[in-house]
Amino acid sequence: MTPDDLGQAIRAAVRACVERGDLAIAVPERVTVERPKVRAHGDYATNVALQIAKAAGRPPREAAETIAAELRQHSGVRAVDVAGPGFLNITLAGDALGGIVRTVLNAAQAYGRTSVLAGQRINLEFVSANPTGPIHLGHTRWAAVGDALGRLLTASGAEVTREFYVNDAGAQISRFAASLYAAAIGAPMPPDGYVGAYIADIAAQVLALCPEVDLGDPAEAVEVFRRQGVPLMLEDIKTALAGFGVVFDVYFSEKDLHDKGELDSALKRLRDQGHVFEADGAVWLRSTDFGDDKDRPLIKSNGAWTYIAADAAYYLDKRERGFDKVVIMLGADHHGYIRRYRAMAAAYGDDPDQTLEILIGQMVTLTRAGEPVKMSKRAGNIVSLEDLVEAIGVDAARYALARSSTDSQIDIDLDLWTRATNDNPVFYVQYAHARIASLLRNAAELGLHRDSDTDLGLLQTQPETDLLRALGEFPRVVASAAELRAPHRVARYLEELAGIYHRFYDSSRVLPYGDEPAVPLTFARLELVEATRVVLGNGLALLGVTAPERM
RNA sequence: CGCCUCGUAGCUCAGAGGACAGAGCGCCCGCCUCCGAAGCGGGAGGCCACACGUUCAAGUCGUGUCGAGGCGACCA
């Protein structure tokens, strides 16, 4: 019996009480079923009596007794105790908990998938690094978290498109092209130019591609460096992301928005709806009508489009492509954009609470031997994705970035995450998986194979039932992580599960000693171990981290 | 001045309003003649920054104070 099954059983019990006239309330849509921290509190607990007590006009403990009496009739339930202010502590029947193993093994790779987000079409935009340099640390956090979130949303039934917005039109691109040109002719960098060895790399590549370029004509040469250099830089970025295990469905070009006239039509729609005015030679969006703290220019007094104008066109484009939720992941330095972005969506007649979600991630810093790490060889004055991967590897990098709430600033200690020891949370989890794989190999050598007729009711010891309950939590963990946009919950769950498995392993011999024969419990435990391997593997896969057979 | 995020064990961080506040690391003491000791058990270590509210119940929600980081362009 899974926690969900139990939740349904509890609701049925409440409903029975209501129908009998013992409780005058509406049956709650959802009841909480939780794993108590204290084992004496049974396998599961629910606070449903506390929640309905007031509406029922009954003391909580009395309501609890009424529901408990009904729930005890359920065949999967062995005991129900009323505790504390009115909790129901539930102990399942002997074989009910073991059924979780069957559920896991039947679903296999699909265990953890739910339909809680079914029917939602979500556009998930993340990273969106400017193609003017390598991906830096902040983007890398989003690469890890965004990719994991994409997997979580998909696993929860949403239809997800992962998107990378390429800012390939604008002043920063011009500075990039000018920097390439300066590097090519050996001139000093312009004051606002980009620094880092990669500039010379890209410049040399452009020269190799276009040997005929006339370096004596700055205007024409810079244009060549722009046209050739930006795609090269973007390829660098894609390669780095692919090496990180992150692949996008769509790379969306800002320049295309301009070329297709989408900014003009976006502006026209705003103007038609009366949200645009002109002042000081500029064209403004009256965003203050929609909760912004000041109005925002769409066209500057020099005639150039502003960033928010392109964002408006981009937002419209996404909506017209049929996405009902536009999710954008940004760094903390962009939090000021939330209000104007929401105002813009509202100006189009959308309800930003429904269609727009802007997730803000706090900063990442790196330390080594207690000292901040700030510089990169190739990328100049930033630390890049490649630097991080080179220092600690893809698995550790992804895990380190994804295991903390994005609301928290995090510090990654390279020494810690470099060590292949148990200091390192990702190894703690991966080790549990490798340890299981090893055990299963040994079982196969002994000729012991999984047996689907095994009596899983034999799993009754504390370490076994702890493990069973933890396995049963996984789908709820995945679903809540998806709904809360919080992939780190999966990582924390895996660490807990790994710990529970290690304790089980330490206390419970699985394979027969020496030439002793296998007994029914042997097979029951093998099933339990295999189910644990499946869940660890599925969880790591959601984070984009490998589940090694050996380490 | 305004806005955003954070403040929990020595360190790095979890904690969808529930029972006695957790993990890993670090420190002390234990556990391998057979499944991976990269593991496990025990111990020390907390006015959950502070104050006042809401609630049957607050680390969690609200208001305020203090502290840390970030942001506040017709830049991106």
Side-chain angles (χ1 to χ4, degrees), chain A residues 32 34 36-38 40-41 45-47 50-51 53-54 59-60 83-87 89 130 132 167 170-173 175 192 279-284 293-294 296-308 310 331-339 360-363 365 367 370 400 403-413 416 419-425 427-428 430-432 434-443 445-446 476 480 483-484 486 488-489 491-493 495-496 498-499 501-514 516 525-526 529 550-551:
Chain A
T32 58
E34 58 183 17
K37 285 177 239 174
V38 183
H41 294 162
T46 178
N47 62 356
L50 288 161
Q51 289 178 326
K54 186 173 272 182
F87 291 103
N89 291 337
N130 285 347
T132 55
N167 290 110
Q172 75 282 7
I173 290 292
R175 292 192 301 149
D192 58 352
D280 306 327
V283 177
W284 299 71
D293 45 5
K294 57 177 85 165
R296 305 291 172 178
L298 295 164
I299 300 178
K300 304 183 214 174
S301 53
N302 67 4
W305 291 104
T306 62
Y307 195 80
I308 186 76
D333 51 342
H334 284 71
H335 92 265
Y337 279 96
I338 296 178
R339 284 197 178 179
I360 296 296
Q362 299 297 318
M363 300 185 66
T365 54
T367 56
R403 86 183 280 266
S404 292
S405 159
T406 53
D407 286 340
S408 295
Q409 299 179 25
I410 53 171
D411 174 65
I412 296 180
D413 178 347
L416 187 154
R419 269 176 255 153
T421 69
N422 58 345
D423 300 23
N424 185 332
F427 277 97
Y428 185 75
Q430 289 183 315
Y431 176 61
R435 217 182 189 191
I436 290 173
S438 173
L439 194 162
L440 294 173
R441 282 193 298 272
N442 293 338
E445 274 182 33
L446 291 172
R476 303 200 299 184
S480 66
E483 289 175 318
L484 295 171
H488 73 281
R489 285 169 172 265
R492 300 301 173 148
Y493 166 82
E495 288 167 34
E496 187 188 346
Y501 176 74
H502 286 312
R503 283 186 279 282
F504 158 80
Y505 179 89
D506 191 65
S507 66
S508 315
R509 177 75 192 190
V510 176
L511 301 178
Y513 285 106
E516 290 174 17
R525 285 184 171 168
L526 274 174
V529 167
R550 292 186 168 82
M551 296 175 71

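All chains are named by letter (A, B, ...) in the order of the sequence lines, taking the proteins before the strands, and each is independently numbered beginning at 1.
- Base engagement by A:G514 is indicated by at least one non-hydrogen atom pair under 4.0 Å involving a base atom.
- A search for salt bridge (charged side-chain N to carboxylate O under 4.0 Å, His left out) contacts involving A:D293 returns A:R296, not counting sequence neighbours.
- Taking atom C1' on both nucleotides, B:U60 is separated from B:G7 by 14 Å, rounded to a whole Å.
- The glycosidic torsion of B:C32 lies within 90° of 0, placing the base in the syn range.
- Here the separation of B:A16 from B:G53, taken at their P atoms, is 25 Å to the nearest Å.
- Dashed line: the shortest gap from a side-chain N or O of A:Y493 to OP1 or OP2 of B:G15 is not under 4.0 Å.
- Partners of A:A332 by side chain to side chain contact (heavy atoms under 4.5 Å, CB included), not counting sequence neighbours, listed by chain and number: A:I360, A:Q362.
- Among the atoms of the strands shown, none is found under 4.0 Å from any heavy atom of A:D192.
- To the nearest whole angstrom, the two C1' atoms, one in B:C11 and one in B:G26, are 7 Å apart.
- In this structure, A:A53 reaches neither bases nor backbone, as no heavy-atom distance under 4.0 Å exists between it and the strands shown.
- Rounded to the nearest Å, the gap between the P atom of B:G10 and that of B:G45 is 11 Å.
- With sequence neighbours excluded, no residue forms a side chain to side chain contact (heavy atoms under 4.5 Å, CB included) with A:M363.
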Below 3.5 Å is the cut-off: list the nitrogen or oxygen pairs between protein and nucleotides 35-37 of chain B, distance only.
{"residue": "B:C35", "atom": "O4'", "partner": "A:R509", "partner atom": "NH2", "Å": "3.4"}
{"residue": "B:C35", "atom": "O3'", "partner": "A:N442", "partner atom": "ND2", "Å": "2.9"}
{"residue": "B:C35", "atom": "O2'", "partner": "A:N442", "partner atom": "ND2", "Å": "2.7"}
{"residue": "B:C35", "atom": "O2", "partner": "A:L511", "partner atom": "N", "Å": "3.3"}
{"residue": "B:C35", "atom": "N3", "partner": "A:V510", "partner atom": "N", "Å": "3.1"}
{"residue": "B:C35", "atom": "N4", "partner": "A:Y505", "partner atom": "O", "Å": "3.0"}
{"residue": "B:C35", "atom": "N4", "partner": "A:S508", "partner atom": "O", "Å": "3.1"}
{"residue": "B:G36", "atom": "OP1", "partner": "A:S438", "partner atom": "OG", "Å": "2.9"}
{"residue": "B:G36", "atom": "OP1", "partner": "A:N442", "partner atom": "ND2", "Å": "3.2"}
{"residue": "B:G36", "atom": "OP2", "partner": "A:S438", "partner atom": "OG", "Å": "3.2"}
{"residue": "B:G36", "atom": "O2'", "partner": "A:Y431", "partner atom": "OH", "Å": "2.4"}
{"residue": "B:G36", "atom": "O2'", "partner": "A:R435", "partner atom": "NE", "Å": "2.7"}
{"residue": "B:G36", "atom": "N7", "partner": "A:S438", "partner atom": "OG", "Å": "3.1"}
{"residue": "B:G36", "atom": "O6", "partner": "A:M551", "partner atom": "N", "Å": "3.3"}
{"residue": "B:A37", "atom": "OP2", "partner": "A:R435", "partner atom": "NE", "Å": "3.3"}
{"residue": "B:A37", "atom": "OP2", "partner": "A:R435", "partner atom": "NH2", "Å": "2.2"}

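- When the P atom is compared between B:G24 and B:A49, the two are found 22 Å apart, to the nearest whole Å.
- Between A:F87 and B:A19, a base-stacking contact is recorded: ring centres under 5.5 Å apart, planes less than 30° from parallel.
- A straight line from CD of A:E34 to P of B:A21 spans 15 Å, rounded to a whole angstrom.
- We find that CD of A:Q430 is positioned 15 Å from C1' of B:G24, with the value rounded to whole Å.
- Remark: the separation of the C1' atoms in B:C48 and B:C13 is 14 Å, to the nearest Å.
- Taking A:N167 as the reference, A:E254 meet the side-chain hydrogen bond (donor to acceptor under 3.5 Å, both in side chains) condition, with sequence neighbours excluded.
- Within the nucleic acid shown, A:A45 comes within 4.0 Å of at least one base atom, counting heavy atoms only.
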Between protein and nucleotides 72-74 of chain B, what N or O pairs are separated by less than 3.5 Å?
{"residue": "B:C74", "atom": "O2", "partner": "A:S301", "partner atom": "N", "Å": "2.7"}
{"residue": "B:C74", "atom": "O2", "partner": "A:S301", "partner atom": "OG", "Å": "2.9"}
{"residue": "B:C74", "atom": "N3", "partner": "A:S301", "partner atom": "OG", "Å": "3.4"}

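- Distance OH (A:Y513) to C1' (B:U33): 11 Å, rounded to an integer number of Å.
- Rounded to whole Å, the C1' atom of B:A37 lies 32 Å from the corresponding atom of B:C20.
- Within the 4.0 angstrom heavy-atom criterion, no nucleotide atom of any strand lies near A:E495.
- Judged as a ring pair (Phe, Tyr, Trp, His ring centres under 6.0 Å), and not counting sequence neighbours, A:F87 has no contacts.
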- Query: Tell me, for nucleotides 4-14 of chain B in 5' to 3' order, what letter each nucleotide earns: B for a base near a protein heavy atom under 4.0 Å, S for only sugar-phosphate near one, - for neither?
  - Reply: SSS------SS

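- In this structure, the side-chain hydrogen bond (donor to acceptor under 3.5 Å, both in side chains) partners of A:T365, at least two apart in sequence or on a different chain, are A:D411.
- A distance of 8.5 Å separates NE2 of A:H502 from CD1 of A:I436, quoted to the nearest 0.5 Å.
- Contacts of A:R441 classified as side chain to side chain contact (heavy atoms under 4.5 Å, CB included), with partners at least two apart in sequence or in another chain: A:A437, A:S438, A:E549, A:R550.
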Between the protein and nucleotides 55-57 of chain B, which nitrogen or oxygen pairs are less than 3.5 angstrom apart?
{"residue": "B:C56", "atom": "OP1", "partner": "A:K54", "partner atom": "NZ", "Å": "2.6"}

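- Nucleotides B:G70 and B:U63 place their C1' atoms 24 Å apart, quoted to the nearest Å.
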- Query: Using Watson-Crick and G-U wobble pairs whose two distances are both under 3.5 Å, how do you write the pairing of RNA chain B as dot-bracket, with | for links to another strand?
  - Reply: (((((((..((((....[...)))).(((((.......))))).....(((((..]....))))))))))))....

